[in-house]
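Let me begin by presenting the structure, written as structure tokens, before commenting on it.
Only this structure's heavy atoms are used, side chains among them; waters, hydrogens and symmetry mates stay out. Along the sequence shown, residues are numbered consecutively beginning with 1.
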Amino acid sequence: MKVLVRLAVAFAPLAATPLLLAGLASGRLDLGGGEKDLVWLLPWTLWSLLFAVASLAFWRRGWRLGRSSAGAALVGVAGVVLAALVLALFGQLGVAGRY
């Protein structure tokens with residue numbers, strides 16, 4: 001039973017991603033940005049992937065559920081921030097070329 005709870009906690013955000021997409025695309029869920037609301041799914045998906053992987057890694061190391069969930073959330077936030085900084089740096093340097 002504990003294994004199922006751990007797996008459910010680890011993969012719940014990732015499982016919610018298609019539901020968020022369906023709600024945003026159909027207009028039932030509105031974040032106030034119009035079509036730009038769909039852009040929020042990219043960091044959400046990255047965060048949920050990192051959360052799932054980190055949750056499983058912390059579980060393997062023997063951490064308790066609360067501590068592993070909090071640590072995995074921090075890993076997810078750090079990953080999204082790092083990805084945003086890398087993309088911003090590429091944008092400032094003109095790595096993809098000047099347009």
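- In plain terms, the two heavy atoms of Ser48 and Leu14 that are nearest each other are OG-CD1, 3.4 Å.
- Follow the hydrophobic side-chain contacts under 4.5 Å out from Leu21 and you reach Trp40 in the same cluster.
- Between Leu56 and Ala10, the closest heavy-atom pair is CD2-CB, 4.3 Å.
- Criterion: ILVMFWY side-chain heavy atoms under 4.5 Å apart, direct or through other members. Under it, Leu74 and Val81 are not part of a common hydrophobic cluster.
- Taken from CG in Leu41 to CH2 in Trp47, the straight-line distance is 14.0 Å, to the nearest 0.5 Å.
- Tracing side-chain contacts under 4.5 Å through hydrophobic residues (I, L, V, M, F, W, Y), one reaches Phe11 starting from Val3; they form part of the same cluster.
- Taking each heavy atom of Ala15 and Pro18 in turn, the nearest pair found is O-CD, 3.3 Å.
- Rounding to the nearest 0.5 angstrom, the gap separating the CH2 atom in Trp44 from the CG atom in Leu49 is 11.5 Å.
- Between the side chain of Ser69 and the backbone N or O of Gly66 there is no donor-acceptor pair closer than 3.5 Å.
- Considering all non-hydrogen atoms of both residues, Val39 and Pro43 come closest at O-CD, 3.2 Å.
- Under the 4.5 Å side-chain heavy-atom criterion for Ile, Leu, Val, Met, Phe, Trp and Tyr, Leu85 and Leu46 are members of the same hydrophobic cluster.
- A distance of 11.5 Å separates CZ in Phe58 from CZ in Arg6, rounded to the nearest 0.5 Å.
- Both Val80 and Phe51 are assigned to one and the same hydrophobic cluster, defined by single-linkage of ILVMFWY side chains at heavy-atom distances under 4.5 Å.
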